[in-house]
Chemist: 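Starting off with a structure, shown below.
Just follow the structure's listing: the first ligand is 1, and inside any ligand the first atom is 1. No hydrogens, no waters, no symmetry mates; every other heavy atom, side chains included, goes into these values.
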Amino acid sequence: MLDLAVEAREAPHQRDDLIEDDIVFCYFSKPSTRTRVSFAAAIAHLGGEAEFFGPSELQLGRGETIEDTAMVVSGYARAAVIRTYSHDDVARFASAASIPVINALTDRHHPCQTLADLLTIRDRFGSFEGLRLAYLGAGNNVAHSLIQGCALAGIDVVVATPESLSVDRSIVDEAWPVAAELGSSIELTDDPMQAVKGADVVYTDVWLSMGDPDEEKEARRSMLRPYQVTAEMMELASDSAIFMHCLPAHRGDEVTGEVIDGEQSVIAVQAENRMHTEQAMLVALLTGSLTGRS
Ligand code: CP
Ligand code: NVA
């Protein structure tokens with residue numbers, strides 16, 4: 001899939017008839033800048049049109065079932081891209097749909113982000129061999145998908161969160177055997193300094209995700225302060241370490257401006273790679289082949 005993304009980056013229009021005269025159904029019940037715009041671009045490059053809908057625009061908002069919506073939409077669109085709260089909603093849509101369904105972020109996962117992150121990491125280091133990624137902050141959807149992605153890629157991953165904001169253990173339990181196959185490790189800790197020591201990639205995300213209760217904001221701010229990625233922390237990482245953030249970012253909370261706008265930060269490349277990896281996903285799903293040649 002990453003090789004396909006590299007092909008997409010080199011020649012974005014080479015498959016401009018794949019979705020010609022067709023639409024991709026995009027349902028977003030949460031805000032989005034990167035995912036929404038990068039999918040729109042990737043779909044346009046493949047000759048198609050992204051049609052975006054929010055909850056109030058569909059009969060879903062008036063009680064029509066997810067299953068009926070999926071069945072109907074499957075007759076009109078070539079694929080569906082869905083960003084929602086509950087992961088079960090995407091799973092239900094996918095089981096009732098007869099077209100490919102892409103998870104564009106749920107409360108539990110953010111796989112499209114992880115795929116772009118893996119491409120960014122592979123580009124920078126040449127391979128995944130021997131790499132260690134440290135994620136610091138709240139154990140959320142991005143952390144979950146990174147654990148799964150690192151396990152598949154064979155990257156050692158260490159996740160540092162306060163105990164009460166830890167990742168879901170079932171994600172780790174499921175990823176363990178996958179990581180073990182490639183000989184990589186998954187480690188959970190509450191010690192941010194120990195996590196970044198020798199890390200090749202230092203990754204963080206917002207402390208309050210979409211859908212998290214706003215009342216928790218201040219409590220999380222004080223609880224997570226020791227997990228803020230600072231220049232001093234980056235000193236503990238490997239000499240060639242990069243800083244990553246899925247964005248949007250809050251400078252002064254999860255990361256200092258000095259780090260996110262500094263030389264080790266790869267946030268712009270990461271964001272651009274979203275478009276190339278999303279084209280790769282669509283090509284693989286619509287051709288049924290990881291080479292994109294069905
Ligand atoms: N990283 C990411 O998914 O950003 P958006 O919420 O803007 O899509
Ligand atoms: N964890 C964040 C990611 C945003 C792209 C959220 O869910 O809001």
Side-chain angles (χ1 to χ4, degrees), residues 5 24 26-43 50 52-55 80-90 102-121 133 135-150 157 159-162 164-168 171 201-217 220-221 223-224 227-229 242-251 253-255 260 265-282:
V24 173
C26 302
Y27 177 78
F28 279 57
S29 61
K30 288 173 170 172
S32 168
T33 298
R34 279 143 292 271
T35 311
R36 191 176 160 138
V37 182
S38 57
F39 263 110
I43 291 162
F52 286 94
F53 303 92
V81 176
I82 298 181
R83 167 171 290 198
T84 187
Y85 290 87
S86 160
H87 184 72
D88 284 352
D89 290 353
V90 178
I102 297 175
N103 177 348
L105 179 148
T106 65
D107 288 354
R108 198 168 162 77
H109 299 283
H110 197 3
C112 296
Q113 181 66 51
T114 293
L115 198 60
D117 296 340
L118 289 177
L119 179 61
T120 310
I121 293 169
L133 180 148
Y135 174 94
L136 270 60
N140 60 17
N141 44 9
V142 169
H144 288 164
S145 289
L146 277 173
I147 290 172
Q148 294 176 323
C150 286
V157 60
V159 178
T161 68
S164 62
L165 291 174
S166 184
V167 293
D168 187 326
I171 297 275
V201 179
V202 179
Y203 201 119
T204 191
D205 183 20
V206 290
W207 287 344
L208 199 73
S209 283
M210 294 179 279
D212 286 338
D214 225 33
E215 312 84 79
E216 282 187 21
K217 200 173 184 170
R220 284 198 185 204
R221 263 205 174 124
M223 194 186 344
L224 284 160
Y227 297 81
Q228 181 187 66
V229 180
I242 54 172
F243 169 78
M244 298 182 82
H245 193 310
C246 59
L247 304 180
H250 297 95
R251 289 165 176 78
D253 279 346
E254 71 270 11
V255 59
I260 196 168
S265 174
V266 296
I267 53 168
V269 189
Q270 232 183 308
E272 191 196 307
N273 280 336
R274 293 293 306 273
M275 180 173 70
H276 308 308
T277 44
E278 282 153 14
Q279 177 174 144
M281 270 179 240
L282 287 161

Chemist: Starting from atom 4 (O) of ligand 1, locate the nearest protein heavy atom and write down its residue, its atom name and how far away it is, to 0.1 Å.
Modeler: Arg34 NE, 2.8 Å

Chemist: Geometry only, no angles: is Arg36 polar-contacting ligand 1 at N/O separations under 3.5 Å?
Modeler: no

Chemist: For residues Thr35 and Arg83, is any side-chain donor paired with an opposing acceptor at under 3.5 Å?
Modeler: yes

Chemist: Report yes if some N/O of Ser209 lies less than 3.5 Å from some N/O of ligand 2; otherwise report no.
Modeler: yes

Chemist: Within 45° of the axis and under 6.0 Å from the centre of the six-membered ring of Phe52, does NZ or CZ of Arg36 qualify?
Modeler: yes

Chemist: Test Gln270 against Asn273 for side-chain contact (heavy atoms from CB on, under 4.5 Å), laying out the working first.
Modeler: CA-CA 5 Å; Gln270 232 183 308; Asn273 280 336; 6.0 Å; no

Chemist: Of the side chain and backbone of Thr35, name the one, both, or neither that has a heavy atom under 4.0 Å from an atom of ligand 2.
Modeler: neither

Chemist: Looking at Asp107 and Lys30, does any basic side-chain N land under 4.0 Å from a carboxylate oxygen?
Modeler: yes

Chemist: Check the side chains of Ser38 and Glu278 for a donor-acceptor pair under 3.5 angstrom, ignoring hydrogens and angles.
Modeler: yes

Chemist: Considering heavy atoms of the protein only, find what lies nearest to atom 8 (O) of ligand 2 and give residue, atom and distance to 0.1 Å.
Modeler: Met210 N, 2.8 Å

Chemist: Heavy atoms only: which of Lys30, His245, His110, Gln270 lies closest to atom 3 (O) of ligand 1?
Modeler: His110

Chemist: Output the list of atoms in ligand 1 that are nearer than 4.0 Å to some heavy atom of Arg274, sorted by atom number.
Modeler: 1 (N), 2 (C), 3 (O)

Chemist: Could you tell me the separation between the CG atom of Leu247 and the CD atom of Gln113, rounded to the nearest 0.5 Å?
Modeler: 7.5 Å

Chemist: Spell out, as yes or no, whether a donor-acceptor pair under 3.5 Å connects the side chain of Arg220 to the backbone of Trp207.
Modeler: yes

Chemist: Tell me the protein heavy atom at minimum distance from atom 6 (O) of ligand 1, and give that distance in Å.
Modeler: Arg83 NH1, 2.8 Å

Chemist: Would one find an N or O of Leu105, backbone or side chain, under 3.5 Å from an N or O of ligand 1?
Modeler: no

Chemist: What about Asp205: any of its N or O atoms under 3.5 Å from an N or O on ligand 2?
Modeler: yes

Chemist: How far is atom 7 (O) of ligand 2 from its nearest protein heavy atom, and which residue and atom is that?
Modeler: Asn141 ND2, 2.8 Å

Chemist: Please list the nearest protein heavy atom to atom 7 (O) of ligand 1 with its residue and the distance rounded to 0.1 Å.
Modeler: Thr33 N, 2.6 Å

Chemist: Working to the nearest 0.5 Å, report the span between NE2 of His144 and CZ of Arg108.
Modeler: 6.0 Å

Chemist: Measure across Pro162 and Leu224 and return the closest heavy-atom pair with its distance rounded to 0.1 Å.
Modeler: CD-CD2, 3.5 Å

Chemist: Using 4.0 Å as the upper bound for N to carboxylate O, is an ion pair formed by Lys217 and Asp212?
Modeler: no

Chemist: Starting from atom 4 (C) of ligand 2, locate the nearest protein heavy atom and write down its residue, its atom name and how far away it is, to 0.1 Å.
Modeler: Leu105 CD1, 3.9 Å

Chemist: Just which atoms of ligand 2 are under 4.0 Å from any heavy atom in Leu247?
Modeler: 5 (C)

Chemist: If we only count N/O pairs under 3.5 Å, is Leu247 in contact with ligand 1?
Modeler: yes

